[in-house]
**Student:** 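Handing you this structure, nothing more for now.
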Amino acid sequence: MKPTTETRVLYQVDAFTRTPFTGNPAGVVLAAEGLTDTEMQAIARELNNSETAFVLPPDAADHDVRVRFFTPTIEVPSCGHATVGAHFARAVEYGLPTSSVRQKTGGGLLQDVTIHRDGDRVRIGIDQGAARFGPELDGGQVDRLLRALGAEPGDLAENGPVQVVSTGHSKVIVELRDRAAVDALRPDPAALTALGREVGSNGFFVFTRDVPRETGEDPPLTWSRMFAPAIGIPEDPVTGNGHGPLGAYLVRHGLAPAPGGRLAFTGRQGVAMGRPGDVHVRVDTRLDGALTATVTGDAVTAFRARLTTPPGAVTQR
């Protein structure tokens, strides 16, 4: 008997927004079991989002669902906006109520994910766990980073250090003095890639606290951009795995008030790309001093389609 063509549900979800075609787009393939690594990589390359999520059944008793994440060029251990996209798609496709699941990523990271449903509005919260603080860049590395970003030495804020911070997928956190400096960045991808290899992090998360004054329930505290050319992402619109480390960084270095050991704020990103989105961040200080981060975001379906994969259509190159 000849093998049959397999058909799966494919979503394109815009994460960290309620407005289609803004925020950060993620591909989501539901019921992805049976796809090979090569097929997953080919699908991610075809969709050409910064990440595509593949939802799989659990492979052990310590989690409820497994999700793998691919950029157009490589598998990555975790992804914030594609996690939002994956669980938003699950909630919409299967009519899930407010509930929590434990997710295992392709990198083996376990995370608690919460679906918050309020009528037609579905928000996804991700417990990113404890932040890990890596090395602070030295003066020469900071100078090279500023040149690689297309920034001037005077653009650097005189506050906390430039530092590698991770809640699963590390970022180099750097603060610039104002929004104009952040918006004007024109990075050199090769120079960022080389520096990333040296400091042990592929992502460069640049932010400022110079934010337009707004009224409303959650005015933003930070304004940011993120670059990761080493993994095929010249610029990421709205980065969940950048905002968790950012929140922990702000608390660690006393750059934002955390009454009672808790900081809650909204970060805005993606404006420079014409895809603005908001990430709601909460950082809690544990009794042992560790800083744990949770990020929450809205999402909206851009499109739902059927993904057809004929047997043997994708071969290893």
Side-chain angles (χ1 to χ4, degrees), residues 50 71 73-74 76-80 107 128 130-210 221-256 267 269-270 272-273 279 281 283 289-291 293:
S50 57
T71 78
T73 61
I74 194 173
V76 292
S78 66
C79 175
Q128 295 185 333
R132 296 181 295 281
F133 291 87
E136 298 179 8
L137 276 62
D138 63 34
Q141 290 171 327
V142 172
D143 289 342
R144 286 163 53 203
L145 172 58
L146 292 173
R147 288 197 300 271
L149 289 170
E152 300 294 331
D155 292 334
L156 189 68
E158 298 179 359
N159 295 300
V162 178
Q163 185 173 22
V164 177
V165 188
S166 176
T167 57
H169 196 191
S170 70
K171 303 290 181 286
V172 177
I173 307 293
V174 53
E175 182 176 10
L176 299 187
R177 57 181 169 77
D178 58 31
R179 189 166 21 106
V182 173
D183 290 348
L185 296 177
R186 297 295 182 267
D188 178 339
L192 284 182
T193 298
L195 183 59
R197 284 195 295 265
E198 182 178 319
V199 302
S201 180
N202 291 319
F204 296 86
F205 193 88
V206 186
F207 80 99
T208 182
R209 286 173 288 155
D210 171 44
L221 172 68
T222 60
W223 181 278
S224 59
R225 297 174 69 184
M226 202 287 287
F227 311 98
I231 57 173
I233 306 173
E235 181 169 358
D236 194 43
V238 193
T239 312
N241 277 346
H243 278 88
L246 169 63
Y249 172 94
L250 292 173
V251 175
R252 174 74 170 261
H253 297 292
L255 301 178
Q269 190 183 341
M273 299 181 71
V279 183
V281 186
V283 178
L291 300 172

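Since the model is a prediction, treat every value here as computed from it, not as a measurement.
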**Student:** Any idea which heavy atoms bring Val199 and Pro135 closest together, and the distance?
**Tutor:**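 Shortest heavy-atom contact: O-CG, 4.4 Å.
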**Student:** I'd like to know whether Val281 forms a side chain to side chain contact (heavy atoms under 4.5 Å, CB included) with Thr222, so could you lay out the CA-CA distance, the side-chain angles of the two residues, the decisive distance to 0.1 Å, and finally the verdict.
**Tutor:** CA-CA 11 Å; Val281 186; Thr222 60; over 6 Å; no
**Student:** Below 4.5 Å, heavy atoms only, C-beta onward: do Val76 and Asn241 meet side chain to side chain?
**Tutor:**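 The answer is no; the side chains never approach within 4.5 Å.
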**Student:** Are His169 and Ile231 packed together at the side-chain level, in the sense that at least one heavy-atom pair is separated by less than 4.5 angstrom?
**Tutor:**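 Side-chain contact under 4.5 Å: yes.
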**Student:** So, for Ala130 and Ala290, which heavy atoms are closest and what is the spacing to 0.1 Å?
**Tutor:**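 Heavy atoms only, the tightest pair is CB-CB, 4.4 Å.
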**Student:** Which pair of non-hydrogen atoms, one from Leu185 and one from Ala151, has the smallest distance, and what is that distance?
**Tutor:**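 Reported closest heavy-atom pair: CD2-CB, 3.8 Å.
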**Student:** Is the count of non-hydrogen atoms from other residues, nucleotides or ligands lying under 6.0 Å from Glu152 atom CD greater than 12?
**Tutor:**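 No, not enclosed.
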**Student:** Any idea which heavy atoms bring Ala131 and Ala248 closest together, and the distance?
**Tutor:**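 Answer, listing the atom of Ala131 first, then Ala248: CB-CB, 3.4 Å.
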**Student:** Counting only N and O atoms by type, is there a donor-acceptor contact under 3.5 Å from the side chain of Arg209 to the main-chain atoms of Leu255?
**Tutor:**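 Such a contact is found between Arg209 side chain and Leu255 backbone.
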**Student:** Do Asn202 and Thr193 come close enough that some side-chain heavy atom pair is under 4.5 Å?
**Tutor:**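 Heavy-atom side-chain distance check fails, nothing below 4.5 Å.
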**Student:** Specify the closest pair of heavy atoms between Leu146 and Pro153, including all atoms of both residues, with the distance to one decimal.
**Tutor:**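 It is CD1-CA, 3.8 Å.
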**Student:** Could you tell me if the side chain of Phe205 sits less than 4.5 Å from the side chain of His243, heavy atoms only?
**Tutor:**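 Counting from C-beta outward, His243 and Phe205 do come under 4.5 Å.
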**Student:** Using side chain to side chain contact (heavy atoms under 4.5 Å, CB included), reason through Phe207 and Ile173 one step at a time and then give a plain yes or no.
**Tutor:** CA-CA 8 Å; Phe207 80 99; Ile173 307 293; 3.7 Å; yes
**Student:** Is the shortest side-chain heavy-atom distance between Asn159 and His253 below 4.5 Å?
**Tutor:**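 Side chain of Asn159 against side chain of His253, heavy atoms only: no contact under 4.5 Å found.
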